[in-house]
2 protein chains.
Amino acid sequence: MSPEPQKGRAPSIRDVARLAGVSHQTVSRVLNGHESIRDETRQRVREAMEALKYRPNRAARALVTSRSRTIGVLSATHGEYGPSSSIAAIEDAARDQGYYVNTANLASSSPGAIIEALKHLLLQDIEGLIVMAPQVRVFDVLAGMAIDVPYVSLQSTGHGDHRALAIDQIAGARAATQHLIDLGHEEIVHVAGPQDWIEAEARMRGFLDAVIDADLRTHPPILGDWSADFGYFAGKELLRYRDFTAVFAGNDLMAVGLMHAFRDAGVDVPGEISVVGFDDIPLAQHVWPPLTTVHQEFGEVGRRAVALLLGEVRGTPVDGDEEIVPSLVTRASSGPAHAVVGRY
Amino acid sequence: MSPEPQKGRAPSIRDVARLAGVSHQTVSRVLNGHESIRDETRQRVREAMEALKYRPNRAARALVTSRSRTIGVLSATHGEYGPSSSIAAIEDAARDQGYYVNTANLASSSPGAIIEALKHLLLQDIEGLIVMAPQVRVFDVLAGMAIDVPYVSLQSTGHGDHRALAIDQIAGARAATQHLIDLGHEEIVHVAGPQDWIEAEARMRGFLDAVIDADLRTHPPILGDWSADFGYFAGKELLRYRDFTAVFAGNDLMAVGLMHAFRDAGVDVPGEISVVGFDDIPLAQHVWPPLTTVHQEFGEVGRRAVALLLGEVRGTPVDGDEEIVPSLVTRASSGPAHAVVGRY
DNA sequence: TTTGTCCATGTGAACGTGAACATCGATCGG
DNA sequence: CCGATCGATGTTCACGTTCACATGGACAAA
């Protein structure tokens with residue numbers, strides 16, 4: 001229960017005006033930092049606001065300006081480090097600019113759920129939208145709904161008319177794979193993220209690019225769901241063939257799951273199999289063995305997304321072409337290749 | 001860039017009324033599901049709305065009803081699993097009830113930052129507030145700001161006039177500690193969370209209760225910051241004395257850091273030292289050794305918080321006394337006690 | 001028939017704010 | 001010294017919705 005000291009209704013701009021002995025418009029001007037107000041008047045108005053504990057009514061303001069000062073974020077996180085960090089950064093950055101953030105979280109990736117969440121956000125009068133749920137389907141839905149606000153996504157789908165944050169996931173994945181190749185690995189397996197995630201697709205592409213360039217045998221990637229549990233499961237499956245010396249996982253969670261499976265089977269990492277992940281979650285350096293992975297600046301991603309979006313919203317587009325390039329962090333989970341001991 | 005097919009301004013309730021050949025009030029009634037509307041009329045209005053792609057203006061509605069259908073969440077997460085999961089659940093639950101969620105994230109725990117974030121949220125006309133940043137300071141600030149909306153926190157501070165979600169962290173910590181005691185450990189160290197976190201305090205209390213009840217020596221708890229890095233650091237420090245056989249960490253991240261330090265020093269877990277964490281993050285079962293920890297239903301926490309808050313908002317309080325009791329999950333990181341080999 | 005009640009709908013006002021325009025005095029250039 | 005300009009402030013209106021109340025017709029009870 002909370003206190004309810006409310007007597008009548010909240011004080012309005014007119015109450016302040018009356019107390020300060022000015023017109024309501026003058027109060028409005030003070031509120032909005034208008035210039036031609038005498039210092040003395042401004043002072044008087046401020047005191048009146050203070051005395052009445054006046055708080056501007058956002059609804060009234062939004063009604064008359066048709067600007068809600070709110071942006072929407074469509075996300076799909078179940079507590080994962082990456083998206084959560086980016087969202088936190090988005091909130092900070094938006095607040096910094098006086099904007100509010102409304103988040104809608106995707107519980108499932110069914111088209112119905114996506115549409116429902118999106119409708120929810122759009123019913124709210126948001127000025128712009130950040131799409132942190134880079135699933136292909138989301139963009140299809142987005143395209144079909146004729147969104148009438150600017151929106152920014154994490155990665156361009158190629159089609160669609162919006163700004164995309166340029167994070168070079170392909171380069172990151174490529175660097176990770178190249179690292180393994182440089183270590184002498186010739187049989188590398190990729191455990192990818194869900195097929196319909198744009199990020200998963202980009203990482204897979206980077207992997208394939210590197211493998212093809214090096215003229216290595218192409219193992220068919222395994223499609224996972226980003227979870228450590230899946231990594232564990234995939235690791236067990238992979239060991240049945242054992243026709244590889246390294247695994248590049250689409251994210252750190254799956255990488256840890258893989259290492260768990262290898263450990264269970266008595267297979268040494270990196271002695272027998274090298275493992276590389278993607279994301280550089282805080283635990284990456286504390287697991288055993290410390291995980292070689294691709295570091296991403298999630299906070300930076302969030303901040304850039306906000307800058308890009310608010311640029312569009314204000315009609316002064318910001319240059320967002322400067323790519324964010326993730327960097328490889330080499331740790332103990334990757335090492336020189338050994339002979340393949342599998343059946344192949 | 002986004003398309004801008006907007007000609008004039010968005011269609012209003014009156015435009016719909018004109019097209020349907022009724023009064024604006026009839027449209028409003030259809031919108032709000034009022035009863036006494038002829039089916040045929042309702043149908044005609046619906047078609048007109050469809051034809052004009054009419055979307056109700058939230059600001060206008062909020063202005064006249066003085067209900068924003070928005071709740072605020074004050075959080076303090078940097079991507080950690082627990083809070084992020086709860087927030088995701090809050091969003092789902094709120095959306096389910098037609099509510100929007102505005103989140104403000106605490107970048108630092110300085111009083112200034114707290115006040116700033118809180119002011120931001122309260123300037124927005126939220127109907128209620130969920131405090132997911134259970135730091136003592138936050139409540140002090142809250143108390144000092146004379147909040148005029150209902151709010152719900154994760155844990156009662158004892159003082160303050162609000163609803164608190166009853167999660168029995170004390171019981172969880174107690175169970176974890178008792179588990180170690182049952183295994184024969186007599187020298188148990190607690191690596192706690194930041195002193196000003198209510199959760200950290202509760203977990204420490206649970207630990208101390210169990211230790212005192214068992215009449216064991218009380219090691220002074222080490223105050224950490226929830227991070228794996230700190231756990232690693234603390235582990236190194238602890239090994240200098242080695243006057244314990246088990247560690248109970250305030251959360252899983254620190255527990256993993258501790259195990260990392262022990263591993264580096266060649267100390268076997270659980271052979272020489274047992275480790276228990278708190279939270280049951282998804283990686284807990286995949287690290288080496290799999291971590292014994294206390295499982296928390298973060299999603300449930302979020303859902304309950306929303307139910308509790310909306311109950312207050314609607315003036316029909318929900319019974320929230322039913323405690324959420326975390327459960328111990330026993331894995332390989334804890335085992336029977338061995339003799340203390342340290343100096344003590 | 002008359003009166004009252006209920007249903008379906010309409011009319012007018014109000015919510016709190018900012019934009020556009022109006023006003024009034026002071027200052028300035030010629 | 002007079003019109004022009006500018007600074008400081010006031011007046012009126014519109015934003016899109018819901019609320020309180022009004023209207024008119026159908027139907028039942030008297």
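On a predicted model such as this, the values are computed, not experimentally measured, just so you know. Below, chains carry the letters A, B, ... as their sequence lines are ordered, and counting in each starts from 1.
With distances taken from any side-chain atom of A/T41 to the nucleotides C/dG10, D/dT9, C/dC15, the minimum falls on D/dT9. Listed nucleotides D/dT18, C/dT17, C/dA8 differ in distance to B/L31; the shortest reach to its side chain belongs to D/dT18. Nearest nucleotide to the A/R61 side chain, out of D/dT17, C/dT17, D/dT18: C/dT17. Of the candidate nucleotides D/dG10, D/dT18, D/dG16, D/dG10 has the atom nearest to the side chain of A/S23. Listed nucleotides D/dA8, C/dC15, C/dA8 differ in distance to B/S36; the shortest reach to its side chain belongs to C/dA8. The side chain of B/S28 lies closest to D/dT18 when the candidates are D/dT18, D/dT9, D/dG10. Here D/dT17 is the nucleotide among D/dA8, C/dG16, D/dT17 with the atom lying nearest to any side-chain atom of B/Y54.
Rounded to whole Å, the distance from CZ on B/R29 to P on D/dT18 is 11 Å.
You won't find any donor-acceptor pair under 3.5 Å spanning the side chain of A/H24 and the base of D/dG10, going by distance alone. At a cut-off of 3.5 angstrom, counting only N and O atoms as typed in the model, there is a donor on one side and an acceptor on the other between the side-chain of B/Q25 and the base of D/dC19.
Comparing the start and finish of the helix from C/dT1-D/dA30 to C/dG30-D/dC1, five pairs each, the helix axis swings through 40°, to the nearest 10 degrees.
With B/R29 contributing its side chain and B/E35 its backbone, the two residues share no donor-acceptor pair below 3.5 Å.
Residue B/R14 places no side-chain N or O under 4.0 Å from the OP1 or OP2 atom of D/dT17. Contact annotation: A/T26 reaches the phosphate of D/dG10 (side-chain N/O to OP1 or OP2, under 4.0 Å). OP1 or OP2 of C/dG18 has at least one side-chain nitrogen or oxygen of A/N32 nearer than 4.0 Å.
Taking the six-membered ring where tryptophan is involved, the planes of B/F298 and B/Y81 are perpendicular, since the angle between them exceeds 60° and thus also 30°.
Within the 4.5 Å cutoff, side-chain heavy atoms of B/P150 are placed close to those of B/L309.
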